[in-house]
There are 2 protein chains.
Amino acid sequence: MHFGERIRELRESQGLLQRQLAASLEIDTPMFSKIERGERKAKREQVELLASLLHANLSDLLRIWLADQIIDLVKDEPQASEALKTALKEIKKDEH
Amino acid sequence: MHFGERIRELRESQGLLQRQLAASLEIDTPMFSKIERGERKAKREQVELLASLLHANLSDLLRIWLADQIIDLVKDEPQASEALKTALKEIKKDEH
DNA sequence: TATGACTTGTCAAATTTAGGACAATATAGG
DNA sequence: CCTATATTGTCCTAAATTTGACAAGTCATA
């Protein structure tokens with residue numbers, strides 16, 4: 001489940017058009033279409049706006065959105081999984 | 001264990017000076033110092049060079065180096081851990 | 001075939017950031 | 001002290017990335 005897919009689900013389940021949400025985000029429909037298809041990344045502030053417009057849980061959307069960024073960062077690396085595990089351990093260490 | 005720390009360990013265990021490695025990487029010592037202290041990120045090609053110069057395992061260095069990038073990406077996000085887990089699941093899915 | 005919804009491709013502007021140079025400062029050994 | 005090593009701080013700019021606008025396309029359906 002990528003961020004864009006989730007947005008599309010929410011949008012369609014609420015009978016909204018890309019054009020309407022695009023207007024709320026002050027971008028054009030092609031751009032919105034690209035965000036839904038994962039061709040472009042949404043900005044953090046757009047995630048916040050979308051959560052609000054779609055009555056969705058912000059933390060949850062942010063988690064998916066951030067995961068997309070991470071995947072984008074490591075996607076071409078053979079060590080991707082291992083690096084993620086390493087990073088996770090470090091993060092957890094810091095949380096204590 | 002951050003990338004820079006690991007480099008420093010390797011460098012000192014081999015009795016090398018920052019100045020020497022910096023010259024091999026064609027950067028100045030302040031820059032090298034910053035990389036060791038994690039104030040600057042090394043480039044991928046520098047990681048490769050360092051692995052070679054320090055007779056270290058490249059995959060292992062890349063893993064640590066990539067983990068640093070990931071941490072840098074998520075460090076300010078409350079959802080960091082959860083996003084990492086989500087990303088990890090996605091990556092593993094792709095690997096099948 | 002006309003319309004509305006969405007997609008695709010390309011371009012340029014704008015912003016960010018990486019990466020490095022350099023000067024000044026600290027620190028430790030001889 | 002001197003000297004060599006390493007650190008710190010500031011500035012610069014080349015390059016990469018991001019972001020958005022637009023034109024033109026597809027597709028479904030009335």
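In this text the structure is predicted, and so the values were computed from the model without any measurement.
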Response to the item:
In whole angstroms, the gap separating C1' of C/dG20 from CD of B/Glu45 amounts to 13 Å
Discussion item. If I take atom CZ in residue B/Phe32 and atom P in nucleotide C/dA21, what distance separates them, rounded to the nearest angstrom?
Written reply: 15 Å
Practice prompt. Calculate the interatomic distance between B/Leu25 atom CG and C/dA18 atom P; express it in whole Å.
Written response: 18 Å
Worksheet item: What is the distance, rounded to the nearest whole Å, between atom CG of B/Leu16 and atom P of D/dA6?
Response: 10 Å
Discussion item. Please determine whether a side-chain nitrogen or oxygen atom of B/Ser33 lies at a distance below 4.0 Å from atom OP1 or OP2 of D/dT7.
Written reply: yes
Worksheet item: Atom CG of A/Asp28 to atom P of C/dT7: distance rounded to whole Å?
Response: 13 Å
Worksheet item: Is the shortest side-chain N/O distance from A/Arg37 to OP1 or OP2 of C/dT8 below 4.0 Å?
Response: yes
Discussion item. Mind checking if B/Gln46 touches a base, just sugar-phosphate, or nothing, with heavy atoms under 4.0 Å?
Written reply: sugar-phosphate
Worksheet entry | Residue closer to the 5' end of DNA chain D, B/Leu17 versus A/Lys41 (nearest nucleotide) | B/Leu17
Worksheet item: Do A/Arg19 and C/dG4 have a side chain to base donor-acceptor pair shorter than 3.5 Å?
Response: no
Worksheet item: Honestly curious: do B/Leu54 and B/Leu61 fall in one hydrophobic cluster under the side-chain, below-4.5 Å linking rule?
Response: yes
Worksheet item: Between atom CD1 in B/Ile27 and atom C1' in C/dC22, what is the gap in whole Å?
Response: 15 Å
Worksheet entry | Validation row: B/Glu5, B/Glu36 side chains within 4.5 angstrom (heavy atoms) | no
Worksheet item: What is the distance, rounded to the nearest whole Å, between atom CZ of B/Arg40 and atom P of C/dT17?
Response: 13 Å
Worksheet item: Is the phosphate of D/dA4, meaning OP1 or OP2, less than 4.0 Å from a side-chain N or O of B/Gln18?
Response: no
Worksheet item: So does B/Lys34 reach the base of D/dG9 with its side chain, donor to acceptor, closer than 3.5 Å?
Response: yes
Worksheet item: Do A/Arg6 and A/Glu9 meet the salt-bridge criterion of a basic N to acidic O distance under 4.0 Å?
Response: yes
Worksheet item: Think B/Gln20 has a side-chain N or O under 4.0 angstrom from the OP1 or OP2 of D/dT5?
Response: no
Discussion item. My understanding is that only one of B/Leu66, B/Asp68, B/Leu62 makes a side-chain contact (heavy atoms from CB on, under 4.5 Å) with B/Phe3; could you say which?
Written reply: B/Asp68
Worksheet entry | Interatomic distance, B/Glu12 CD vs D/dA6 C1' [rounded to whole Å] | 11 Å
Response to the item:
Hits for salt bridge (Lys or Arg N to Asp or Glu O under 4.0 Å) against B/Lys75, two or more places apart or cross-chain, chain-then-number order -> B/Asp72
Discussion item. Using OP1 and OP2 only, check whether a side-chain N or O of B/Arg11 sits under 4.0 Å from D/dA6.
Written reply: yes
Worksheet item: Mapping B/Glu39 and A/Met31 to their closest nucleotides on DNA chain D, which lands nearer the 5' end?
Response: B/Glu39
Discussion item. Let me spell it out: for each of B/Pro30 and B/Lys43, pick the nucleotide of DNA chain C with the closest heavy atom. Which residue's pick is nearer the 5' end?
Written reply: B/Lys43
